[in-house]
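Note that the structure is predicted; figures quoted are calculated from it, not measured. What you see below is based on every heavy atom in this structure, not just the backbone, and it leaves out hydrogens, waters and symmetry mates. The sequence lines fix the lettering, A, B, ..., with proteins before strands; numbering per chain opens at 1.
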Protein chains: 2
Amino acid sequence: MDRRSNCVKMMDMTIRTARNTRRSDALSRERIVEATVEVLDATGEAGLTVRALTAHLSTGRGAIYHHVANKEELLAAATDDIVGRVTAGTGDDDPERAIRALALGIFDAIDAHPWVGTQLSREPWQPAVFRIWKSVGSQLQRLGVPGPARADAGSALVNYVLGAAAQYAAGARRATSDADRKAYLETLAAQWAQHDPDPIVQDAASQLREHDDREQFRAGVDIFLTGITARR
Amino acid sequence: MDRRSNCVKMMDMTIRTARNTRRSDALSRERIVEATVEVLDATGEAGLTVRALTAHLSTGRGAIYHHVANKEELLAAATDDIVGRVTAGTGDDDPERAIRALALGIFDAIDAHPWVGTQLSREPWQPAVFRIWKSVGSQLQRLGVPGPARADAGSALVNYVLGAAAQYAAGARRATSDADRKAYLETLAAQWAQHDPDPIVQDAASQLREHDDREQFRAGVDIFLTGITARR
DNA sequence: ACCTGAACACCGTTCAAGT
DNA sequence: ACCTGAACACCGTTCAAGT
């Protein structure tokens, strides 16, 4: 990591000396957000420090404050970057299929970038969450859900997606590989079963061992869609 | 605050001198968790620092580490304290009404203690979340939802409740009074409406101005229950 | 205008020293 | 055994000084 960032720094210096111009990757809000995503993906939420970020960008600690107000804005911008790619890609003709695709798209984005799940449920009025509201709202309109009911339906669906996002993200953070994840759930199920003799818990523990997060998430979307269309 | 904590310290000293015994409020995990709730309620999540907590307890910074492993455990224990009171109080005969009461109980607890909402969606395997899972699971069983479907239904409902919890908590954190909250939503709706001419957004902005968080949350629970019973 | 990096005002946690 | 508080290894953010 240190080796690599020194190497990048040397390349920049060469370019600057040769052309005698501004370095080609001069700081910009865009470049900073891109670097933020890189640092978050590589080292997780705890790894995103201003020191780590500015080292990755080969610049001084204060430099980023010329382009973003603070770390919170940085996290919101990085999250919007990822979510923007998801909401841009849902062009299905059938509104119900479009909603499913949107929800699963967000699930998969969080699987790839767990920090997105944590960030989404932290601040309701950030751009990324606004994007999700807007997407869900327009599909519900196309589905024929009328005005006031649409607000309730949208709220239910968005809150479900964000809630699941945060929970699954925490799991993905804890166990990176599939094997780790399975072992972790196994231990947890055993703990539950040992801790509490209640048949509900015994049953839940055995379900936990063999459950598939993505399938369970999909089933939840179906339940809400059923609830929405049943009262249309 | 400083005045008050000095006063408490002096009282303790008097008691100790007079009786020549251990001070009456000797540290214990229970007392520490109680103090944590007090500090969180008074100053919010950002206000809970080990320094503030140990000052409130009139003790040294390191003292709490004899009773809890770290700050994360402290937050989980404080959250479990609040959620435990909610799950203990739902004894309705009708399982559907019991689910509604549980969900609204958690909503109200978060309204009173916004930090609970944030904490609940941060760590899926903490005691407080386990409590919620267990409560929901047993009511769904009484509702007649069979094994595998019950896991999907439980996951959907818990994720919805936790997602809504985090979103509303963030709102409650930002605006304490009802008037503040209304003014804030007003400003936000105006920003949306100005920022984006899309009719979906215009419509959502006007809904936002007059919407009631608690009613919307309740509507979401209804949508979910409809979805569950429609496929039973 | 933009960047640098030392300085500031904080954190959570540890641990030798006390009782 | 339990508590104390200085010390440690960090944070995010600011700002005078540079280019």
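- Residue-level contact check: B/Leu53 touches neither bases nor backbone, having no heavy atom under 4.0 Å from any strand.
- Two residues are said to be in side-chain contact when any heavy atoms from C-beta on lie closer than 4.5 Å; B/Phe217 and A/Asn159 fail this criterion.
- Aromatic pair B/Tyr160/B/Phe224: ring centres not closer than 6.0 Å.
- Distance CZ (B/Arg51) to C1' (D/dC11): 12 Å, rounded to an integer number of Å.
- Look at C/dC11: it lacks any Watson-Crick or wobble partner with both distances under 3.5 angstrom.
- Nucleotide C/dC3: unpaired (no Watson-Crick or G-U wobble partner with both distances less than 3.5 Å).
- Checking D/dA17 for Watson-Crick or G-U wobble geometry (two distances, each under 3.5 Å) identifies no partner in any strand.
- When the nearest nucleotides of DNA chain D are assigned to A/Leu48 and A/Ala63 by heavy-atom distance, the more 5′-ward of the two goes with A/Leu48.
- In this model, no side-chain donor or acceptor of A/Arg61 finds a partner on the base of D/dG12 within 3.5 Å.
- Among the atoms of the strands shown, none is found under 4.0 Å from any heavy atom of B/Leu74.
- Checking D/dT14, D/dC3, C/dG12 against every side-chain atom of B/Leu27, the shortest atom distance belongs to D/dC3.
- Summarising the geometry, the separation between CG on B/Leu57 and P on D/dC2 is reported as 16 Å, rounded to the nearest angstrom.
- Closest-nucleotide positions on DNA chain D for B/Ile64 and A/Asn70 were compared, and the one nearer the 5' end corresponds to B/Ile64.
- A/Val129 places none of its side-chain heavy atoms less than 4.5 Å from the side chain of A/Glu123.
- Summarising the geometry, the separation between CD on A/Glu45 and P on D/dC11 is reported as 15 Å, rounded to the nearest angstrom.
- Taking every side-chain heavy atom of B/His67 into account, D/dC3 is the closest of D/dC3, C/dC3, C/dA6.
- Side-chain contact check for A/Gln126 and A/Gln119: at least one donor-acceptor pair (N or O, by modelled atom type) lies under 3.5 Å.
- Protein atom CD of B/Glu73 is 15 Å distant from nucleotide atom P of C/dG12, rounded to whole Å.
- Each of D/dC3, D/dT14, C/dA7 was ranked by its minimum atom distance to the side chain of A/Tyr65; first place goes to D/dT14.
- Distance, B/His66 NE2 to C/dA17 C1': 12 Å, rounded to whole Å.
- Between the NZ atom of A/Lys71 and the P atom of D/dT13 there is a distance of 8 Å, given to the nearest Å.
- Here the straight-line distance linking atom CG of A/Leu208 with atom CG of A/Asp203 works out to 11.5 Å at 0.5 Å rounding.
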